[in-house]
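Reminder, nothing fancy here: chain letters follow the sequence lines and each chain counts from 1. Model, not experiment: these values are computed from the prediction.
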Amino acid sequence: MSGLNINNVSMTFELPNGGSVEALKNINLSVQKGELVSVLGPSGCGKTTLLNILAGFLAPTDGIIELNGEIVKKPSSERGMVFQQGALFEWMNVSKNIGFGPKMKGTPQVEIDAKVTELLGIVGLQDFADKMIYEMSGGMQQRVALARCLANDPDVILMDEPLGALDALTREKMQSLVLDIWKKTGKTIILITHSVEEALLLGERLIVMAPRPGRIHKEYKLPFAELGVGADLREVKRHKKFGTTRDEILNMIWNMEEEIMGRAES
Amino acid sequence: MIFSITPIPASLSEFFWFNTPDGGEVASLLSTTLWMVLGIFVIFTIYMIFSAFSWVIHKLFIDGRNKANGYTSLKTVTFGDESAVEANRFASVASVVAIFFFWGLATGSSLLGPIQLPAPFLGKTSFEYTAINSYGDTDKGTVNLLVHTFDDKPILEKASNIATGFARDSAIKVRERRTALLSAKKIGAKETDGFKIIEINGLPIKPNQIVNFGNGEVLLTSKGSMQIRPYDGMTMEALYLPAPEDVWKSFLKLNKEGYTNVGLWENVFWSLIRVVLGFTLGCLFGIPLGFAMGLSNWFRGWFDPIVEFMRPVPPLALIPLIIIWFGIGEQGKISLLFLAALWIMTIAARAGVSGVNISKVHAAYSLGASKRQLLMKVILPNSLPEIFTGARVAMGVCWGTVVAAELVAAEKGAGKMIIAASKFQLTDIVIIGIIIIGIIGFAIEVLMRKAENRLIPWKGRG
């Protein structure tokens, strides 16, 4: 069975005061190889918890996750991860950061070098191979993070709000880059975001999650990721369906948050 | 059956044997402290007046000349913006000059030329006294005083004693800043009854009174003797504080000849080598220990009590125990420095591990790193800034501790040199030792910071 299967995954956190929080309840999702899935939801809906479970950093209290027929139990280089920020190694230069994964596996240095050069080209950092991480801007750092993840040739790339800390213009460029990489490498990508536009642009499939308990609320199949590859993303955003879907989702999330606040106040 | 157990003390004071301090002791403690506050305030005020004086000079002659440029100079808000505050180097130099100035002034240094506080009287002086006997006769005698320096040992000329009455002339020598006692029996003729001194240089005097005779003063004791104190000036005696140029001369001599057959730099070398060895041992064990505590529940639990207990114990408090255990040899001192560095390095390494951003750990595992690789490639480099901060603190503590340990017991070392010199009141050597200890402590700090900037350029920029 190929692809990623999330079967009935639940996650309950015990609180110190004796209560418990259902961060996730009965999540079921199948992701085919090569799919680009974006996950959207208000804060507290468990999307980061879900990603941590997929990466193998957390064990779910119930249910299992399978990747290519194997049960996910701990972190592995099959599931690469791109973090929001602060996950690069400041004591290494750009090349060493990108080559970290292959190096850990004991890949010969010549192969690592070739791979790093190729990836530097893909993310547009050819001239920055020897720069230190702290000398680079936030957007460039995220390019390094993408390249570092790709260097391991993972089956699935998990992205935890990778563009969340970037300014709007840099973000737009990086969104194009993510689409390019997706098309070029054919990787399965699961991307978490709380930007509705980003979720629409980058999601072939868009999952909207709802909080308390964290669950899948609605799923969309969208054409925009395919349209956006190699195209002007602002053009895509002018698409009529883009606007209507965005409003629909914004309303949905608005109502969810109203509901939460109403519950909290009563 | 009734077990005999230690009887429960009736009160706390029975259990904790503690002499309640009486009111007098506490009052004297408080008054001493209050006097100190006053003294500190006075010293500080004098220093600040000097500072204000320098500031005026700076404003008048230097400030306007080289107009500051650059971004900071354009800031209008500087009061409250710490980054806009820079040490004024003129002030730093002036402050050091001020210290040397006060030092020279207080010791009557020749470096200051004409700027001198009144020096103690030196040389020959005399005064006349008037005495009375039981018959009411009065007579005058002269006391010749020869005031000489500490090193000088002049030969005293005998008093010419041409006086014919019952008040004899007298000659006496006295060291500067000291007093001489001239007993009534010695100056009064043996046969005189009721010999009593009533005037000094024509000024009346009674027992327990003081009369000034120009180059000093005379105190008439209750037994009728004269306690003569030549004018002792306002400068300090070399025994308490030698003049800067004398210290410099001693330094040159010490540099050439050493003290008690040990060269100056030999002493410093021994202190340094102990610090380096003790510190290295402390790092060798402390860093792995800290990592173990940061990475494993068991080790954290196992070492937590001892680390938390030993951390607040000052290394100096361990010196007596270390001497009991190891004697006064090198082993004791290295052990002490090892213990001084160990806990600091342990805590620094543990803090280093806890400071690793969890994203980095997750990223490394997702990239296929093993635990060992994570430790060597991520946790170790990531905790270097904390380890270096710890190392800086540990070096400082070790340097302080080695000097203190040498004060207690050592054959060679900077601390040993100053304690040995202090026993012979060689204040100049003590001061040289203190200055060198200070400079080396400062040099260690500077070197550690340089090394830090070189080795960990990413510090604070993660």
Side-chain angles (χ1 to χ4, degrees), chain A residues 48 51-58 72-93 96-107 131-136 141 144-162 165, chain B residues 83 283 287 290-291 294-297 300 348-392 448-462:
Chain A
T48 297
L51 206 71
N52 281 336
I53 293 172
L54 292 177
F57 305 144
L58 284 174
V72 167
K73 280 180 182 158
K74 54 178 183 145
S76 134
S77 55
E78 293 163 355
R79 280 158 283 126
M81 186 117 179
V82 181
F83 297 85
Q84 185 169 14
Q85 64 181 152
L88 293 172
F89 306 133
E90 286 96 14
W91 47 94
M92 299 177 183
N93 64 16
K96 292 227 170 90
N97 261 285
I98 297 176
F100 185 84
K103 182 123 189 155
M104 294 301 106
K105 285 184 199 151
T107 314
K131 280 261 191 248
M132 297 304 286
I133 297 303
Y134 54 81
E135 296 170 316
M136 309 184 85
Q141 289 187 6
V144 178
L146 276 173
R148 184 176 72 173
C149 181
L150 289 169
N152 253 354
D153 205 15
D155 294 337
V156 182
I157 300 178
L158 305 167
M159 298 187 178
D160 187 4
E161 296 184 33
Chain B
S83 66
C283 289
I287 295 172
F291 278 158
L295 295 168
S296 139
N297 290 338
R300 172 161 301 189
R350 191 180 66 182
V353 180
S354 68
V356 178
N357 189 334
I358 186 64
S359 302
K360 287 188 176 60
V361 177
H362 280 168
Y365 278 132
S366 290
L367 291 165
S370 64
K371 280 184 182 172
R372 194 191 145 76
Q373 285 168 326
L374 180 83
L375 178 64
M376 299 309 291
K377 305 275 179 187
V378 178
I379 290 175
L380 181 64
N382 198 84
S383 43
L384 277 181
E386 266 93 355
I387 289 177
F388 245 91
T389 307
R392 244 167 58 195
M448 295 291 281
R449 259 190 233 168
K450 287 239 151 125
E452 192 174 11
N453 288 342
R454 220 188 143 80
L455 295 173
I456 321 172
W458 67 88
K459 187 182 179 181
R461 300 200 250 183

For Tyr134(A) against Pro457(B), the heavy-atom pair lying closest together: OH-CB, 3.2 Å

To the nearest 0.5 Å, what is the distance between OG on Ser359(B) and CD on Gln85(A)? 9.0 Å

Which residue in the set Asn382(B), Leu455(B), Leu380(B) passes side chain to side chain contact (heavy atoms under 4.5 Å, CB included) when paired with Trp91(A)? Asn382(B)

Residues of residues 361-368 of chain B under 4.5 Å from chain A (heavy atom pairs)? His362(B), Ala363(B), Ala364(B), Tyr365(B), Ser366(B), Leu367(B), Gly368(B)

Non-hydrogen atoms of chain B under 4.5 Å away: do they reach the side chain of Leu88(A), the backbone, both or neither? backbone

Given 3.5 Å as the limit, does a donor-acceptor pair link the side chain of Glu90(A) with the main chain of Trp458(B), or not? no

With sequence neighbours excluded, residues passing side chain to side chain donor-acceptor pair (under 3.5 Å) with Asn93(A): none

Are the side chains of Phe100(A) and Val378(B) in contact, using a 4.5 Å heavy-atom criterion? yes

Would the number of heavy atoms belonging to other residues, nucleotides or ligands and lying under 6.0 Å from NZ of Lys371(B) be above 12? no

In Å, rounded to the nearest 0.5 Å, how long is the span from NZ of Lys103(A) to CD of Gln373(B)? 10.5 Å

